[in-house]
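Have a look at the structure below before the remarks.
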Amino acid sequence: MAMMIFIFFAVLSVITAVLIITQKNPMHSVLYLAFSVLSVSGLFFTLQADFLGAIQIIVYAGGIVVLYVFVIIIINLNQLVPEKRKLFPRFFITAVPLVLIIEIFYVFYKKIKTGSDISIVAESMKIENLSKMLLTDYVIPFEVASVLLLAVLIGSLVIARKELKNDTK
Amino acid sequence: MIPNNLVIGTGLLIFLIGLIGMLIRKNLIIILMAAELMLNGVNIILAGFGLFHRTASGSIFALFVIMIAVAEAAVGFALILSYFRHKETYNLDEINDLKG
């Protein structure tokens, strides 16, 4: 049963992921991105990562997708970008994914006996344990992450700022 | 019971779709979206390994990956906006100078 739910969300997310990269209009791709992000959060809920699924919905579907929509509205460009390429880049962009496709077929068809039994909720995967680990074992990456987010806040403000003519340097 | 190769295969497939999108598209915004897709695929694999080893470390690492994705999207959009102000295009082939 859990496997069926997993396969349902997996197929949904893969189909919408393909639709994202094949749309001509970026606004349509943003809507498919929201769909894909929500189905990936369904995958997280199936994999017992409840906190991760909630964060995925809040941060991606609530934050990043809206940011994409706003940027497309601000840029407001109606031109369609031509997608023609020369021979050598075309060879390169087919060769690199082909190697990875072979790897994916290997992963899918290799018989791995082990699986994750999700009928029992493990004590070590509960949210209390996650928060404890985040503030004990992973406290240094946590603090570095906060510094990084502050740097991103200031940096993106400085980069995207409109420079006025009578700006006193 | 979810087989591990199914989880890893799904994550790799979404990563691969993101990689293909990043390589074949020339629209800057769709390239950023493909980067988000790649990070999503990595997150699926991390959550799957966290379940497999019965530890919360997978979720924590995926949390850091999500945070990096947010940072990347914010800085990428700032760069796109500031570039778009003096060159009215988001075709990747016409973006070939660094001087402002």
Side-chain angles (χ1 to χ4, degrees), chain A residues 2-3 6 10 13-14 17-18 20-21 26 29 33 36-37 40 43-44 47-49 51-52 55-56 59 63-64 67-68 71-72 74-75 77 81 83 93 96-97 100-101 103-104 107-108 110 112 114-118 122 124-125 129-130 133-134 138 141 145 148-149 152 155-156 159-160, chain B residues 1-10 12-14 16-21 23-27 29-30 32-34 36-37 40 43-44 47-48 50-52 54-60 62-64 66-67 69-71 73-75 77-82 84-85 88-92:
Chain A
M3 192 174 152
F6 185 87
S13 55
V14 168
V18 171
I20 289 171
I21 63 165
S29 327
L33 180 72
S36 173
V37 159
V40 169
L43 284 182
F44 287 153
L47 291 172
Q48 280 189 16
F51 183 68
L52 203 55
I55 287 293
Q56 177 92 355
V59 172
I64 295 185
L67 190 66
Y68 274 99
V71 167
I72 292 172
I74 289 172
I75 288 179
L77 201 63
V81 176
E83 304 277 350
I93 65 177
V96 172
L100 277 171
I101 285 174
E103 186 187 351
I104 286 174
V107 167
F108 267 128
K110 192 168 185 278
I112 302 176
T114 52
S116 306
D117 188 13
I118 66 161
S124 56
M125 284 190 70
N129 197 39
L130 189 146
M133 279 175 83
L134 200 57
Y138 293 98
L148 174 77
L149 283 181
V152 165
S156 55
I159 292 171
Chain B
M1 194 81 171
I2 299 175
N4 282 329
N5 51 355
L6 187 64
V7 180
I8 299 168
T10 307
L12 268 178
L13 204 56
I14 292 181
L16 178 70
I17 293 168
L19 180 69
I20 292 173
L23 289 174
I24 66 171
R25 294 306 300 259
K26 290 187 177 178
N27 193 327
I29 297 194
I30 294 180
L32 272 181
M33 274 182 232
E36 304 285 341
L37 271 184
N40 263 330
N43 278 346
I44 291 170
L51 178 63
F52 176 52
R54 301 276 161 192
T55 171
S57 294
S59 292
I60 292 174
L63 200 64
F64 286 126
I66 287 179
M67 201 195 57
V70 172
V75 175
F77 280 137
L79 287 172
I80 289 177
L81 280 180
S82 74
F84 190 77
R85 240 178 234 126
E88 300 263 312
T89 178
Y90 53 112
N91 183 355
L92 204 61

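These figures come from a predicted structure and were not determined experimentally.
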**OP:** Under 4.5 Å heavy-atom distance to chain B, tell me which part of A/V59 shows up: side chain, backbone, both or neither.
**Re:** side chain

**OP:** Determine whether the side chains of A/Q56 and B/N43 contain a donor N or O and an acceptor N or O closer than 3.5 Å.
**Re:** no

Original post:
With chain B, which of A/S36, A/A49, A/A145 has the greatest number of heavy-atom pairs at distances under 4.5 Å?
Top reply: A/A145

Subject >> Option in A/L149, A/I104, A/L100, A/L134 with maximal non-hydrogen atom pairs under 4.5 Å from chain B >> reply: A/I104

Subject >> Segment of B/L37 engaging chain A (4.5 angstrom heavy-atom cut-off) >> reply: side chain

**OP:** Identify which part of A/L33 has an atom lying under 4.5 Å from any heavy atom of chain B, answering side chain, backbone, both or neither.
**Re:** side chain

**OP:** Please tell me if the side chains of B/N40 and B/I44 come closer than 4.5 Å, counting only heavy atoms from C-beta onward.
**Re:** no

Original post:
Which bit of A/V14 is near chain B, if near means a heavy-atom gap under 4.5 Å: side chain, backbone, both or neither?
Top reply: both

Subject >> Winner by heavy-atom pair count (cut-off under 4.5 Å) against chain A, out of B/V75, B/L13, B/L81 >> reply: B/L13

Original post:
Can you tell me how far the CG atom of A/L148 sits from the CZ atom of B/F64, to the nearest 0.5 Å?
Top reply: 11.0 Å

Subject >> Winner by heavy-atom pair count (cut-off under 4.5 Å) against chain B, out of A/N129, A/I64, A/V96 >> reply: A/I64

Subject >> A/Y68 (side chain) donor-acceptor with B/A73 (main chain) under 3.5 angstrom >> reply: no

Subject >> Atom group of B/L6 that falls short of 4.5 Å from chain A, counting heavy atoms >> reply: both

Original post:
Quick one: what part of A/I159 sits under 4.5 Å from any heavy atom of chain B, side chain, backbone, both or neither?
Top reply: both

Original post:
Is it true that the side chains of B/S57 and A/Y138 contain a donor and an acceptor less than 3.5 Å apart?
Top reply: yes

**OP:** Side-chain contact test, heavy atoms from C-beta onward, threshold under 4.5 Å: evaluate it for A/S29 versus A/I21 and give yes or no.
**Re:** no

**OP:** Please confirm whether A/F51 and A/F44 have ring centers closer than 6.0 angstrom.
**Re:** no

**OP:** Would you mind checking which part of B/I30 comes under 4.5 Å of any heavy atom in chain A, side chain (CB onward), backbone (N, CA, C, O), both or neither?
**Re:** side chain

Subject >> side-chain contact (heavy atoms from CB on, under 4.5 Å) assessment of B/L16 paired with B/L12 >> reply: CA-CA 6 Å; B/L16 178 70; B/L12 268 178; over 6 Å; no

